[in-house]
Student: 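Below: one structure in structure tokens.
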Amino acid sequence: MHQDLRARAMLTRWLWAAVSVLFGAGTALAEFGFLLLTPLIALPGPQREPLSRLAVRLTEVELRRITRFHGPLYVDALSPQRCRRYLALRWLVGGLGFGVLLMLVLCVTTAGSMLSAWALGGDWGLIENSNQRVDTSLVALTVAPGTMLIFVSIVGVSGVSTLDHWLATQALGSGDLMHRRILELTSTRAEVIEAINDERRRIERDLHDGVQQRLVALGMLVGRARRATGGAVLEQAQSMVQEAIGELREVALRIYPSALDSSGLQAVLESLAQRSSVPVRLSFGLASRLPSALETVIYFVVSEALTNAAKHADPTLIEVTVTPGEDRIRVVITDDGPGGADPTGTGLSGLASRVAAVDGRFLVHSPPGGPTSLEASLPCA
């Protein structure tokens, strides 16, 4: 099923590339005609301005074609001089595309006519004036070079399409603009992640300073009332209040661990290891603090991994290592459970998305029989 979809997608991309090359071969004729007129630009007089406008118009046509068949193309402002330089090279790419398409059509037509003549036992139209007929030996002799020519032509169509896109990118200066857009998007994403973490801090503080404190006060009042009057109902009420306080603390920790800001990542991971229902061996090799966003991601990766392992794998030991590299932080969580973890499951796919949000990589290795190893590789900055 997936192979059929992949093959269909590849065929669709090739057909779009072929149509783009076909249209590009047509526009190459207009660009070659413009190239013959370019010497007039050096002459004084009114000829210069119309030709400059024509260069920009032809370039805009090419950009619309490339965008239509290849997706968005980011370019800087189109100046006549840059457009002329682009068109001086673009017609060559269009001519190359025309030659590749022509060779493909000729090869397919020739192969089709030869095979039909061989299958029907008749004369081959291309050699009808000769005494030679298409027989098995002739087909066997030509099948290898013919197949090679058709394959080269098919690949050539995709190559010309890619070359067309690359030329527009390089000649029209889109690389600088795209680089700036990437930097802007990266900066915006970092700001969004930080804003989300700030909101989590606020919610955690509201839960801790508001609802949790009220529950604590309520539990104290119920306890005083039970000691003064006795009664099983008040004892049950106090027990329920204590359970609600514990659950609220767990919710607050899942939203944002406030201890990260005050105690640091190592202390928070040590606390996670102590609270885990499964023995945890922690190895922490970072000598200095990381940016808040990275520490938050590492905390949630370790926390979710410990919870998932204890819930689904029933291991006897979990090992957590946090080690620095030259430009990345490596976090590995390994348990000795039975293995078979599904990377596409809700928990692991959520961790992968959280790691990817900071340009990290998340790998899952869980063969049947175990052990299960989760690795998060995060950039240092």
Side-chain angles (χ1 to χ4, degrees), residues 182-201 203-204 251 253-261 264-273 275-276 278 280-313 315 318-335 337 339-367 370-381:
I182 291 173
L183 291 178
E184 291 173 0
L185 292 174
T186 303
S187 176
T188 302
R189 185 186 61 183
E191 293 172 358
V192 170
I193 293 174
E194 190 60 35
I196 293 174
N197 288 335
D198 289 341
E199 185 65 16
R200 285 175 171 167
R201 291 188 187 96
I203 296 174
E204 191 277 335
V251 171
L253 280 175
R254 286 197 295 269
I255 293 174
Y256 185 82
S258 58
L260 267 181
D261 298 330
L265 180 61
Q266 183 175 2
V268 173
L269 295 184
E270 290 174 351
S271 177
L272 277 177
R275 295 199 310 270
S276 174
V278 179
V280 176
R281 182 185 301 158
L282 175 64
S283 176
F284 191 88
L286 303 183
S288 58
R289 295 291 300 267
L290 297 174
S292 175
L294 288 184
E295 288 191 342
T296 303
V297 170
I298 293 174
Y299 166 81
F300 280 112
V301 167
V302 175
S303 176
E304 291 294 328
L306 294 181
T307 301
N308 290 340
K311 183 177 180 181
H312 301 291
I318 302 176
E319 296 185 8
V320 178
T321 60
V322 182
T323 55
E326 293 184 0
D327 58 350
R328 304 185 76 85
I329 304 298
R330 187 168 176 262
V331 182
V332 180
I333 304 97
T334 304
D335 67 69
D342 182 10
T344 63
T346 304
L348 293 181
S349 61
L351 288 182
S353 299
R354 190 185 291 273
V355 171
V358 292
D359 287 334
R361 297 190 297 267
F362 186 74
L363 301 176
V364 179
H365 181 69
S366 183
T372 296
S373 179
L374 311 181
E375 179 180 345
S377 177
L378 305 167
C380 294

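Numbering of residues begins at 1 and proceeds along the displayed sequence. Keep in mind it's a predicted model, so treat the numbers as computed, not measured.
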Student: For Ser377, enumerate each residue passing the side-chain hydrogen bond (donor to acceptor under 3.5 Å, both in side chains) test, keeping only those at least two apart in sequence or located in another chain.
Tutor: Arg328

Student: My understanding is that only residues two or more places apart in sequence, or in another chain, count here; which of them pass side-chain hydrogen bond (donor to acceptor under 3.5 Å, both in side chains) with Thr344?
Tutor: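 Checked Thr344 against side-chain hydrogen bond (donor to acceptor under 3.5 Å, both in side chains); matches are Asp342.
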
Student: Name all residues meeting the side-chain contact (heavy atoms from CB on, under 4.5 Å) criterion together with Pro315; count only those two or more places apart in sequence or in a different chain, and write none if there are none.
Tutor: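 Once residues adjacent in sequence are excluded, the partners of Pro315 under the side-chain contact (heavy atoms from CB on, under 4.5 Å) criterion are Val278, Ala309, Ala313, Ile318, Asp335, Asp336.
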
Student: To the nearest 0.5 Å, tell me how far Thr334 OG1 sits from Leu374 CG.
Tutor: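 CG of Leu374 is found 7.5 Å from OG1 of Thr334.
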
Student: For Arg330, check salt bridge (Lys or Arg N to Asp or Glu O under 4.0 Å) against everything at least two apart and list the hits.
Tutor: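 Only Glu375 meet the salt bridge (Lys or Arg N to Asp or Glu O under 4.0 Å) criterion with Arg330.
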
Student: Mind checking whether Leu282 and Glu270 have side chains closer than 4.5 Å, heavy atoms only?
Tutor: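 Side-chain contact under 4.5 Å: yes.
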
Student: How long is the gap from CZ on Phe362 to CZ on Arg354, to the nearest 0.5 Å?
Tutor: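 Separation between the atoms: 11.0 Å.
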
Student: Please report the shortest heavy-atom distance between Ala376 and Val355, naming the atom on each side.
Tutor: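 Scanning both residues, the minimum pair turns out to be CB-CG2, 4.1 Å.
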
Student: Can you give me the closest heavy-atom contact between Leu294 and Pro379, atom names plus distance?
Tutor: CD1-O, 3.0 Å

Student: Which residues pass the side-chain contact (heavy atoms from CB on, under 4.5 Å) test with Leu272, not counting sequence neighbours?
Tutor: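 Testing Leu272 for side-chain contact (heavy atoms from CB on, under 4.5 Å), a comparison that skips the adjacent residues, returns Leu269, Arg275, Tyr299, Val302, Ser303, Leu306.
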
Student: For Glu295, enumerate each residue passing the side-chain contact (heavy atoms from CB on, under 4.5 Å) test, keeping only those at least two apart in sequence or located in another chain.
Tutor: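 If we apply the side-chain contact (heavy atoms from CB on, under 4.5 Å) test to Glu295, skipping adjacent residues, the hits are Leu260, Leu265, Arg289, Leu290.
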
Student: If I take atom CZ from residue Phe284 and atom OG1 from residue Thr321, how far apart are they, to the nearest 0.5 angstrom?
Tutor: 11.5 Å

Student: Please enumerate all residues that pass salt bridge (Lys or Arg N to Asp or Glu O under 4.0 Å) together with Arg361, with sequence neighbours excluded.
Tutor: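 So Arg361 forms no salt bridge (Lys or Arg N to Asp or Glu O under 4.0 Å) with any residue.
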
Student: Report the residues that fulfil side-chain contact (heavy atoms from CB on, under 4.5 Å) with Ala341, sequence neighbours left out, ordered by chain and then residue number.
Tutor: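 Checked Ala341 against side-chain contact (heavy atoms from CB on, under 4.5 Å); matches are Leu348, Ser366, Thr372.
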
